[in-house]
Amino acid sequence: MTQETVRAISRTLRVSPHKLGLVVDQIRGKDLATARDTLTYSPRRISGDVLKCLDSAIANAEHNNGMDIDTLYVHQIWVGKSIQMKRFRPRARGRASRITKPFARLTVVLAKQA
């Protein structure tokens, strides 16, 4: 990361990384106003958490680095795997099957427009 970039990280989002990636792909490379509008009106449940992480990155840029938020855009945004909760369901004949409930992590990097 260079001096003109700022980031925010959400570590345990209760959604699979694949579903989070579908929301993230909609705002990659966009300016902040367009990205916020896209997330605000998105029908996906996790878009509110992505918006919260984006707002955190905006606040970091404004407060910690003194950047002008009108000149920022979503430079990089990526999704990664986090923990998995493991649960068991009873099955036939006294057996059990495992159900995994995945979590994801999100990193948002903002930069100044050239």
Side-chain angles (χ1 to χ4, degrees):
M1 258 182 5
T2 62
Q3 191 67 3
E4 294 109 14
T5 62
V6 66
R7 70 178 179 171
I9 301 171
S10 293
R11 287 196 166 82
T12 51
L13 295 174
R14 181 59 190 93
V15 68
S16 71
H18 183 271
K19 289 179 183 178
L20 183 58
L22 295 174
V23 175
V24 164
D25 288 340
Q26 295 176 346
I27 64 168
R28 185 175 285 122
K30 304 249 175 99
D31 62 309
L32 295 185
T34 307
R36 292 192 88 252
D37 288 343
T38 302
L39 291 173
T40 301
Y41 298 109
S42 174
R44 300 266 182 180
R45 174 187 63 86
I46 199 63
S47 63
D49 291 331
V50 176
L51 180 62
K52 191 184 292 187
C53 188
L54 180 66
D55 287 340
S56 176
I58 293 169
N60 290 343
E62 193 172 22
H63 184 265
N64 297 344
N65 297 11
M67 298 173 132
D68 182 21
I69 62 171
D70 294 330
T71 63
L72 295 178
Y73 75 104
V74 181
H75 178 60
Q76 293 177 338
I77 185 167
W78 66 88
V79 176
K81 284 185 176 181
S82 187
I83 62 173
Q84 278 193 345
M85 286 194 304
K86 295 171 181 76
R87 300 291 182 258
F88 290 92
R89 297 283 299 171
R91 305 303 280 177
R93 297 167 59 179
R95 296 186 178 131
S97 64
R98 186 195 319 210
I99 295 178
T100 58
K101 299 186 176 191
F103 283 69
R105 65 175 46 197
L106 174 67
T107 304
V108 178
V109 178
L110 304 179
K112 289 184 181 179
Q113 290 178 340

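Just so you know, these numbers come straight off a predicted model, no measurement behind them.
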Exercise answer: donor-acceptor pairs, residues 15-32 side-chain atoms, under 3.5 Å, sequence neighbours excluded:
residue	atom	partner	partner atom	Å
Ser16	OG	Lys19	N	3.4
Asp25	OD1	Arg28	NH1	2.7
Arg28	NE	Ile77	O	3.3
Arg28	NH2	Ile77	O	2.7
Lys30	NZ	Gln26	O	2.9
Asp31	OD1	Thr34	OG1	2.6

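- A salt bridge links Asp55 with Arg36: the distance from a Lys NZ or Arg NE/NH1/NH2 to an Asp or Glu carboxylate oxygen falls below 4.0 Å.
- Side-chain N or O atoms of Thr71 include none that pairs as donor or acceptor with a backbone N or O of Lys112 at under 3.5 Å.
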Which side-chain N or O atoms in residues 94-110 pair as donor and acceptor under 3.5 Å with protein atoms at least two apart or in another chain?
none

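- The shortest non-hydrogen separation linking Met67 to Glu4 is CE-O, 3.0 Å.
- In terms of hydrophobic clustering, with Ile, Leu, Val, Met, Phe, Trp and Tyr side chains grouped at heavy-atom distances under 4.5 Å, Leu39 and Ile69 are assigned to a common cluster.
- In the hydrophobic clustering of this structure, Leu72 groups with Leu51; members are Ile, Leu, Val, Met, Phe, Trp, Tyr whose side-chain heavy atoms approach within less than 4.5 Å, directly or through other members.
- For residues 38-48, no pair satisfies side chain to side chain donor-acceptor pair (under 3.5 Å), with sequence neighbours left out.
- No side-chain heavy atom of Cys53 sits less than 4.5 Å from a side-chain heavy atom of Asp49.
- Rounding to the nearest 0.5 Å places CG of Asn60 at 11.5 Å from OG1 of Thr5.
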